[in-house]
Each structure stands twice: as C-alpha cells, then as structure tokens.
Amino acid sequence: MPRFPVTALRSVDLGTPDLDRSMGFYCDVWGLSLVTRAAGVVYLRATGSDHHVLALYQSELPELGAVTFRVASVDDLASVAANAVAEGAQLIREPAPNDAPDGGVAMAIRAPEGGILRFVHGDISHAPEQLPSDRPERLAHVNLNSTDVDRSAAFYERALGFRLTDRSKAMAFVRCNSDHHAVVIADAKVNGLNHVAFLMPSLETVMRGSGRMIDAGFPIAWGVGRHGPGDNVFSYFIDPVGTVIEYTAEVLQVDDSYVVRGPDHWVWPPGRTDQWGIAPPKADHVKAAQLAVRYAAP
C-alpha cells in the first residue's frame with residue numbers, strides 16, 4: 001500500500017438558507033447528532049469517531065463552503081500546501097493551531113476550480129457508538145462537479161497524493177486510502193458540489209434509512225441501486241434546501257493490485273443505470289439539483 005499524505009475524507013461544510021430547518025432535518029431524519037454550535041456554525045457527527053462529518057452555516061443560497069481531509073502527520077500539512085500551490089492552488093490558511101471546535105492543526109487552500117479544501121491533523125475524536133445503528137457512520141465520498149475532469153483529477157493526484165482508481169466517461173474516481181474513492185469528479189458545465197455520500201453500516205441499513213426518509217416525506221431521488229466503479233450500494237435524496245445527499249454502503253476496498261479501468265469498461269446496456277438494473281433513469285429535477293450547489297464565493 002502506498003503512503004498517502006492525505007488519509008481520509010473527514011467532513012464537509014454546507015451553507016443553507018434555513019439553518020434551523022437543515023439542522024432539524026440532519027438530526028431528526030438523516031441520522032446525525034449535534035456536537036456543538038460555535039460562531040454561527042452547527043457541527044454534526046455520525047456514529048463513528050470523527051469529531052463531525054457535517055458543519056452547517058447560514059448562507060443566502062445552498063453552497064459548499066469547504067471539504068475537510070485528515071492528513072497522516074503534521075508535517076504533511078506544509079508539504080501538501082506547497083504541492084498544491086505549485087499546481088495552481090491558493091494557500092488561504094497557513095498550518096496553524098485550529099481554533100474551531102474540532103481542534104488540532106489546520107491548513108486550507110482554494111483549489112484551482114474554486115473550492116476550499118481544508119486539512120487537519122490531531123483533530124478531536126469521539127468514541128464510536130457500539131450499538132447497531134441505521135445511522136451514518138462517516139462520510140464515504142464527496143462528488144464534485146468540474147468543467148475539466150482530467151485536470152481536476154490530476155490536481156488531486158499531483159498536489160494531494162491521491163491515486164486514480166477508475167475513469168468512466170463522465171467521472172474520475174480518486175482515493176486516499178483503501179476505499180475505492182474518497183472524491184469523485186463529475187463532468188459538468190459548472191464547478192461545485194454534485195452530492196455528498198454518507199456511509200451506512202450495510203445494505204440493510206441503507207434500506208432502513210431510506211424507509212425512514214420516505215416516512216418523513218423525502219422520496220428516493222435515485223436508486224436504490226449498485227454503482228459500477230466502487231461497487232457500492234446507493235440511495236439518493238434531496239435535502240430540504242436542495243442539496244443532493246446519498247446513503248451508501250459496501251464500498252469496494254482496493255490496494256495497489258487494483259487495475260484502473262477506463263470509459264470503455266464502464267458501460268451499461270441501454271436503459272440501465274446500475275449493476276442490478278433496478279434504479280430507474282435519473283429524473284431531470286435530480287440532475288438539476290446536482291448542478292445547483294456552487295462553491296462559496298471568495
């Protein structure tokens with residue numbers, strides 16, 4: 001296994017025009033728990049050890065404020081920053097003690113396409129919950145829209161030390177640990193957020209979580225199905241302010257022996273959108289929602 005300077009996707013910051021409504025949804029329906037509120041930001045955890053997986057703040061429109069990753073050592077903060085700047089990023093926070101509730105040492109860059117990427121080491125963690133649960137354990141991946149998929153994937157590889165795992169016609173899948181992907185980069189006419197995926201313990205809990213969402217008045221937006229690249233089960237929803245989110249499970253675990261496959265491999269028969277052939281074609285309103293959330297303005 002190669003050494004990855006970035007070792008995990010930790011959390012995302014989402015702006016919402018209705019902070020109370022979004023907090024209520026993610027706590028009462030989606031399955032996260034309140035950690036704390038500080039400086040106008042609501043921090044929510046999953047059942048795993050991460051301090052938080054979602055930070056919500058008030059904004060005029062839904063937006064992606066930042067994506068946070070964990071690094072292997074404090075020295076990796078400086079080296080990742082230097083590599084990122086060399087590849088066209090802007091350093092917006094030098095490595096320094098983090099005054100946010102997650103603690104540790106933090107560094108942040110603005111990537112060439114405009115999104116803020118935040119990196120932490122020594123951040124505060126929780127004891128994971130031990131009881132069986134149909135709630136998310138952690139983030140599985142973040143899917144980002146890009147006007148130049150290959151350029152963006154190359155940035156993750158050269159600047160951040162990720163590795164390309166698969167390349168379909170429309171998406172590049174890059175990893176920073178044994179998960180098949182931590183970041184997915186989707187071909188689009190705009191840069192921004194496509195969706196955020198939350199890891200569930202199993203297929204069974206994806207189904208139970210989906211039932212809970214339906215009971216609360218949030219229909220499945222796409223799925224349930226099983227993706228090709230990554231082999232993961234999926235069930236997509238749209239949150240109360242229009243952000244696309246996903247329950248997923250059974251993400252493929254890979255190592256250096258994994259063979260990267262290209263667009264010619266990842267082709268479905270006509271009318272099929274997943275391995276099982278169960279998921280219907282994605283509706284136009286879902287496709288629109290996956291293009292609507294942009295990066296927070298500088």
Side-chain angles (χ1 to χ4, degrees), residues 2 9 113 115 139-158 160 162-200 202-203 206-207 210 219-238 243-293:
L9 169 66
E113 292 183 337
L139 290 191
H141 62 265
V142 60
N143 188 314
L144 303 174
N145 293 322
S146 171
T147 57
D148 190 333
V149 172
D150 291 326
R151 180 187 65 185
S152 185
F155 174 80
Y156 276 85
E157 291 181 85
R158 293 198 293 254
L160 310 182
F162 282 63
R163 292 207 171 187
L164 180 71
T165 318
D166 276 308
R167 178 68 162 94
S168 67
K169 180 179 179 181
M171 298 183 185
F173 299 78
V174 296
R175 68 185 181 98
C176 60
N177 51 41
S178 62
D179 284 356
H180 178 273
H181 52 277
V183 177
V184 183
I185 305 157
D187 183 39
K189 295 181 179 179
V190 296
N191 297 315
L193 177 66
N194 186 290
H195 68 271
V196 181
F198 295 75
L199 185 71
M200 298 289 272
S202 64
L203 168 59
V206 168
M207 301 301 287
S210 297
I220 295 175
W222 184 40
V224 175
R226 186 181 286 279
H227 285 309
D231 199 38
N232 46 311
V233 176
F234 65 88
S235 186
Y236 286 63
F237 297 89
I238 301 176
T243 302
V244 180
I245 50 180
E246 175 189 356
Y247 282 144
T248 191
E250 301 183 356
V251 178
L252 182 67
Q253 299 298 293
V254 302
D255 57 23
D256 254 4
S257 67
Y258 184 80
V259 177
V260 177
R261 296 173 174 88
D264 291 344
H265 179 84
W266 299 113
V267 178
W268 300 125
R272 177 171 286 208
T273 63
D274 77 306
Q275 289 194 54
W276 292 333
I278 293 173
K282 194 179 295 180
D284 287 343
H285 77 280
V286 181
K287 294 179 182 178
Q290 288 181 292
L291 296 173
V293 178

Practice task
Please determine, by modelled atom types, if D255 and S257 share a side-chain donor-acceptor pair under 3.5 angstrom.
Solution key: yes

Between [X] (side chain) and [Y] (backbone), is there a donor-acceptor pair under 3.5 Å?
{"X": "D179", "Y": "A182", "value": "no"}
{"X": "S210", "Y": "V206", "value": "yes"}
{"X": "Q253", "Y": "V251", "value": "yes"}
{"X": "N194", "Y": "L144", "value": "no"}

Nearest-0.5 Å distance that lies between atom [atom1] in [X] and atom [atom2] in [Y]:
{"X": "I185", "Y": "N145", "atom1": "CD1", "atom2": "CG", "answer": "11.0 Å"}
{"X": "T165", "Y": "H181", "atom1": "OG1", "atom2": "NE2", "answer": "8.5 Å"}
{"X": "N232", "Y": "Y247", "atom1": "CG", "atom2": "OH", "answer": "16.0 Å"}
{"X": "L203", "Y": "T248", "atom1": "CG", "atom2": "OG1", "answer": "10.0 Å"}
{"X": "M207", "Y": "S202", "atom1": "CE", "atom2": "OG", "answer": "11.0 Å"}
{"X": "H195", "Y": "F234", "atom1": "NE2", "atom2": "CZ", "answer": "9.5 Å"}

Completion exercise
Those residues at least two apart in sequence (or on a different chain) that pass ring-ring contact (aromatic ring centres under 6.0 Å, His included) with F198 are W30

With a 4.5 Å limit on heavy-atom distance, are the side chains of [X] and [Y] in contact?
{"X": "Y236", "Y": "V244", "result": "yes"}
{"X": "V184", "Y": "V142", "result": "no"}
{"X": "K169", "Y": "W266", "result": "no"}

Practice task
Give the C-alpha distance, both sets of side-chain angles, the deciding distance and a yes or no for side-chain contact (heavy atoms from CB on, under 4.5 Å) between E113 and S152.
Solution key: CA-CA 8 Å; E113 292 183 337; S152 185; 3.6 Å; yes

Under 3.5 Å donor-acceptor pairs involving side-chain atoms of residues 274-282, not counting sequence neighbours:
from : atom 1 : to   : atom 2 : distance (Å)
D274 : OD1    : G277 : N      : 3.0
D274 : OD1    : I278 : N      : 3.1
D274 : OD1    : A279 : N      : 3.2
D274 : OD2    : R226 : N      : 2.9
D274 : OD2    : W276 : N      : 3.2
Q275 : NE2    : H227 : O      : 2.6
Q275 : NE2    : D231 : OD1    : 2.7
K282 : NZ     : Q290 : OE1    : 2.9

Shortest non-hydrogen contact from [X] toward [Y]:
{"X": "S146", "Y": "N191", "value": "CA-OD1, 3.3 Å"}
{"X": "V149", "Y": "A170", "value": "CG2-O, 4.2 Å"}
{"X": "V286", "Y": "A221", "value": "CG2-O, 3.5 Å"}

Problem - Residues D150 and R167 bridged, charged N to O under 4.0 Å - result: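 Yes.
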
Handout entry: Salt bridge flag under 4.0 Å for residues R163 and D256
Key =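 Yes, this pair counts.
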
Practice task
Run through R261, H180, H265 and flag the one making a side-chain hydrogen bond (donor to acceptor under 3.5 Å, both in side chains) with D166.
Solution key: H180

Handout entry: side-chain contact (heavy atoms from CB on, under 4.5 Å) evaluation trace for I238 with H285
Key = CA-CA 10 Å; I238 301 176; H285 77 280; 3.8 Å; yes

Problem - Test: R158 cationic atom under 6.0 Å from F162 six-membered ring centre, within 45° of axis - result: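 Pair R158/F162 does not count as cation-pi.
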
Problem - Between F237 and W222, ring centroids under 6.0 Å - result: no

Problem - Aromatic ring proximity F173/H141, centre distance under 6.0 Å - result: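 No - the distance between ring centres of F173 and H141 does not fall below the 6.0 Å cut-off.
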
